[in-house]
Amino acid sequence: MNRYRTHHCNELRKSDIGETAMLAGWVHVLRDHGGVIFIDLRDREGLTQVVFRPEENAELTAEAHHLRHEDVIQVEGKVSARVPGTENPKLPTGDIELVPNTLKILNRADVLPFPLDAEAPNEDLRLSYRYFDLRRPQLARNLRVRHRVTKATRDFLDEKGFIEIETPILSKSTPEGARDFLVPSRLTKGKFYALPQAPQQYKQLLMVGGLEKYFQIAKCFRDEDLRSDRQPEFTQIDIEASFVEPDDIFVLVEGLLAAVFRASRGLEIPIPFPRLTYTQAMDEFGSDKPDRRFAMPLTDLADVFRESSFKMFRGALDAGGAVKAINAKGFAELTIGQSDELTAMAKQYGAKGLAFIKVENGEWKSPIVKFFSEAEKQALRSKLLVEEGDLILFAADKWEVVCEVLGRLRSRIAEMQKLTAGSEQLDFLWVTDFPLMAFSAEENKWNAVHHPFTRPKDEDIAKFEAQKFGEVRAEAYDVVLNGVELGGGSIRIHEPELQAKIFAALGVSEEDQQTLFGHILRAFRLGAPPHGGIAFGLDRIVMLICGEETIREVMAFPKNNRGIDLMSLSPSAVDARQLRELGIKLAIEKESG
RNA sequence: GGAGUCUUAGCUCAAUUGGUUAGAGCGCCGCCCUGUCACGGCGGAGGUUGCGGGUUCGAGCCCCGUAGACUCCGCCA
């Protein structure tokens, strides 16, 4: 028998009355009546009431007077029926109570930094005392959900023949992608490992290694600024398989997510997921991860304004651009502040201004409506289903700008109108056929939209060869839930010649190809199978399942907005000797203190 | 790097138009209390209103600066 307890705190029932039991846990609530003392003893499973009665054990009761919140104690005694009429129906253990013969204080608790049973305090305080905050039921529940999700993932993928393989954390820096975290090498002074941004190359090399079906619950590291859904270290569900087409991945992932939602929420999600191409998603929703729980579609107005005398719209169309609008139903009475914010957003994303129509008292209030012909007004009315109380927002510019601007406005207006508040709907979809490359005006070069190992669609290879890089679509796909990108992947390149051409198009010199990617190019010359895969943000999935606003709420020990662990106070200065051993000299002044 | 919101007791918050001694609940300390389950009652301690400066007869409140937290943009193949 265990020396601390015979039962957990959500175990004893009526049928145990008369038995002897030993419990251990935290003093959750104290109700000291001067004579009799009640304690709700808590462990991770629940609560059991412990009663100290002076007439039965005066000495022990006297000791119990000194107990404080969150002391860790052990009690041993008799499971008793509660006095009739005092049962607590709110507790599963509410019919019984433990009357102890012994009380052992295993650890005293100081005055608490914040109460556990009240509203959560400032997050920096919570993070400073994370080990304490973890006792809150919500965080404990979230971590259990997270476990359910990873367990369901492992079980499902194992069932499908996938093998979990660990890949190195001490890895190699590459110029593409996010900023690397660097780790200095002591044995090779002056050189550095990089922590992996993702196990991308390793998993492809495992395919070359003939493992065929790989997965990993993989820690990844990116040295970029943080967000509510971004931490410097995070976890991916990483998957790769050989001899697969996109459809194989789609079916696998739909099964996986179904298993995950079944295991964590008891929900049957509808599969297969609908699919949209990137172009469709941008055209209809102005986003490559559209939230379709509300409509507000981007409505194309090219044929309405093709011959318009309104120069702003006509000009955009004549220049080969687009004119589109969204109808924010019932949002005509938005506040000045909201209106200003939307205008600022439109400008931020490249619009020259924000044209609008407010429909109030049967009237179209708008600075531009006077330029419209009767026919144009009629067309707008029918295309946009204009009704009393609506707010119509227009954008006229290049197609990309129009979609981006209206897409952002659509999302923000949905937030303002609380269109998805309290929604239980789970809107999964695939977004496919992403562009392979995007031109960066800043760097004056083409960059990979997904990553440089992504395969162009076979039917677009000719366009790639013709250097029409902007028109080449990739065999790449994202899975989106309620406007959040859960994961993305692609079919990869497995031919060394094609891979080298892609590197060249991305501006990676022959020399850099050899020094940075030589191993993968060589691997592709030794019998590389066609392969592809996908990776999911585990933290984001668990966040959505738990209904949390940030991934910090589903991580045991997250960092704050500036990447600082407030509990351990890392990152921290290191000893001069440690630096010497690594051959490193700091170029910045050491902070005093 | 940029924008926004916030910062008052250990915690969550309040404080009228700029007005006298900055309050409440919870927590903490002490006393009382034998069937509670958010136990209850009485009493008490606890504040450089983030920090620095300014305006004013007078600043928690107005202005400037600064630090920190969070959210967003940039960034995140």
Side-chain angles (χ1 to χ4, degrees), chain A residues 28-41 47-56 58 61 65 68-70 80 82-91 93-94 97 99 110-129 132 174-180 197-198 200-201 220-232 234 337 340-341 344-345 347-349 408 411-412 415 434 436-438 440 442-443 445-454 474 476 485 488 490 502-503 506-508 535 537 549-550 552 560-562 564 566:
Chain A
H28 186 61
V29 179
L30 274 159
R31 292 178 295 277
D32 185 340
H33 289 237
V36 67
I37 300 169
F38 299 98
I39 286 170
D40 289 340
L41 190 65
L47 297 173
T48 299
Q49 175 162 284
V50 177
V51 192
F52 294 91
R53 290 203 194 93
E55 70 273 18
E56 286 188 20
T61 304
H65 280 300
R68 292 295 173 265
H69 283 132
E70 298 301 313
S80 309
R82 290 202 184 183
V83 173
T86 67
E87 299 87 354
N88 186 348
K90 285 187 249 171
L91 290 181
T93 60
E97 57 197 10
V99 184
D110 279 348
V111 174
L112 310 184
F114 52 87
L116 286 175
D117 54 358
E119 191 185 341
N122 282 335
E123 197 173 0
D124 49 345
L125 188 69
R126 294 176 58 204
L127 289 173
S128 303
Y129 292 93
F132 181 69
T174 53
E176 298 272 334
R179 193 176 294 111
D180 284 321
Q197 297 172 25
Q200 182 60 35
Q201 292 186 48
C220 303
F221 307 84
R222 294 179 190 175
D223 187 7
E224 299 290 351
D225 286 5
L226 288 78
R227 288 284 190 281
S228 58
D229 62 351
R230 270 163 41 188
Q231 284 269 307
F234 61 101
D340 289 349
E341 187 188 331
M345 266 184 88
K347 285 187 178 157
Q348 191 188 333
Y349 290 104
R408 297 277 181 168
S411 301
R412 185 67 189 113
E415 257 174 51
F434 279 81
L436 183 72
M437 294 154 77
S440 162
E442 203 178 308
E443 300 168 83
K445 69 184 273 287
W446 289 92
N447 286 329
V449 167
H450 185 48
H451 57 52
F453 312 107
T454 302
E485 180 194 328
S490 61
I502 297 277
F503 279 140
L506 294 171
V508 183
E549 299 285 326
T550 95
R552 296 187 296 272
N560 79 355
N561 230 359
R562 290 193 305 155
I564 294 169
L566 289 172

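Here is the naming used below: chain letters follow the sequence lines, and residue numbers restart at 1 for every chain.
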- Message: Donor-acceptor check, side chain of Arg230(A) to backbone of Asp225(A), threshold 3.5 angstrom: yes or no?
- Response: yes
- Among the nucleotides rC11(B), rA69(B), rC70(B), whichever has the atom closest to the side chain of Asp124(A) is rA69(B)
- Message: Looking at Arg230(A) and rC76(B), is any side-chain donor or acceptor paired with a base atom of the opposite kind under 3.5 Å?
- Response: yes
- Message: Under 4.0 Å, counting only non-hydrogen atoms across every strand here, what does Tyr349(A) touch: a base, just sugar-phosphate, or nothing?
- Response: sugar-phosphate
- rG74(B) base to Asp225(A) side chain: any donor-acceptor pair below 3.5 Å? yes
In a table with atom names and distances, give each donor-acceptor pair under 3.5 Å that connects a side chain of residues 30-38 of chain A to protein atoms at least two apart or in another chain.
unit_1	atom_1	unit_2	atom_2	d
Arg31(A)	NH1	Asp40(A)	OD2	3.1
Arg31(A)	NH2	Asp40(A)	OD1	3.0
Arg31(A)	NH2	Gln49(A)	OE1	2.9
Asp32(A)	OD1	Gly34(A)	N	2.9
Asp32(A)	OD1	His65(A)	ND1	3.3
Asp32(A)	OD2	His65(A)	ND1	2.7

- Protein-proximity profile, nucleotides 26-37 of chain B, B/S/- by nucleotide at the 4.0 Å heavy-atom cutoff, equals --SS---BBBBB
- Message: Students often get this wrong, so: under 4.0 angstrom with heavy atoms, is Arg408(A) touching a base, only sugar-phosphate, or nothing?
- Response: sugar-phosphate
- Item | Separation of rC75(B) C1' from Asp180(A) CG (nearest whole Å) | 14 Å
- Query: Between rA69(B) and Asn560(A), is there an OP1 or OP2 to side-chain N/O distance shorter than 4.0 Å?
  - Reply: yes
- Quick one: Leu47(A) CG to rA38(B) C1', roughly how many Å, whole number? 13 Å
- Query: Below 4.0 angstrom, N of the basic side chain to O of the carboxylate: do Glu341(A) and Arg412(A) qualify?
  - Reply: yes
- Return the value, rounded to whole Å, for the distance between atom CZ of Arg227(A) and atom P of rG1(B). 14 Å
- Message: Please check this pair: side chain of Arg82(A) against backbone of Glu87(A), looking for a donor-acceptor N/O pair closer than 3.5 Å.
- Response: no
- Query: Using a cut-off of less than 4.0 Å, is there contact between a side-chain N or O of Asn122(A) and OP1 or OP2 of rU7(B)?
  - Reply: no
- Message: Tell me whether the count of non-hydrogen atoms from other residues, nucleotides or ligands lying under 6.0 Å of CD in Glu549(A) goes above 12.
- Response: no
- Task: Report which part of the nucleic acid Arg412(A) touches: base, sugar-phosphate, or nothing (heavy-atom distance under 4.0 Å, all strands).
- Result: nothing
- Message: With a 4.0 Å limit, can you tell me whether Arg562(A) has a side-chain N or O closer than that to the phosphate oxygens OP1/OP2 of rG68(B)?
- Response: yes
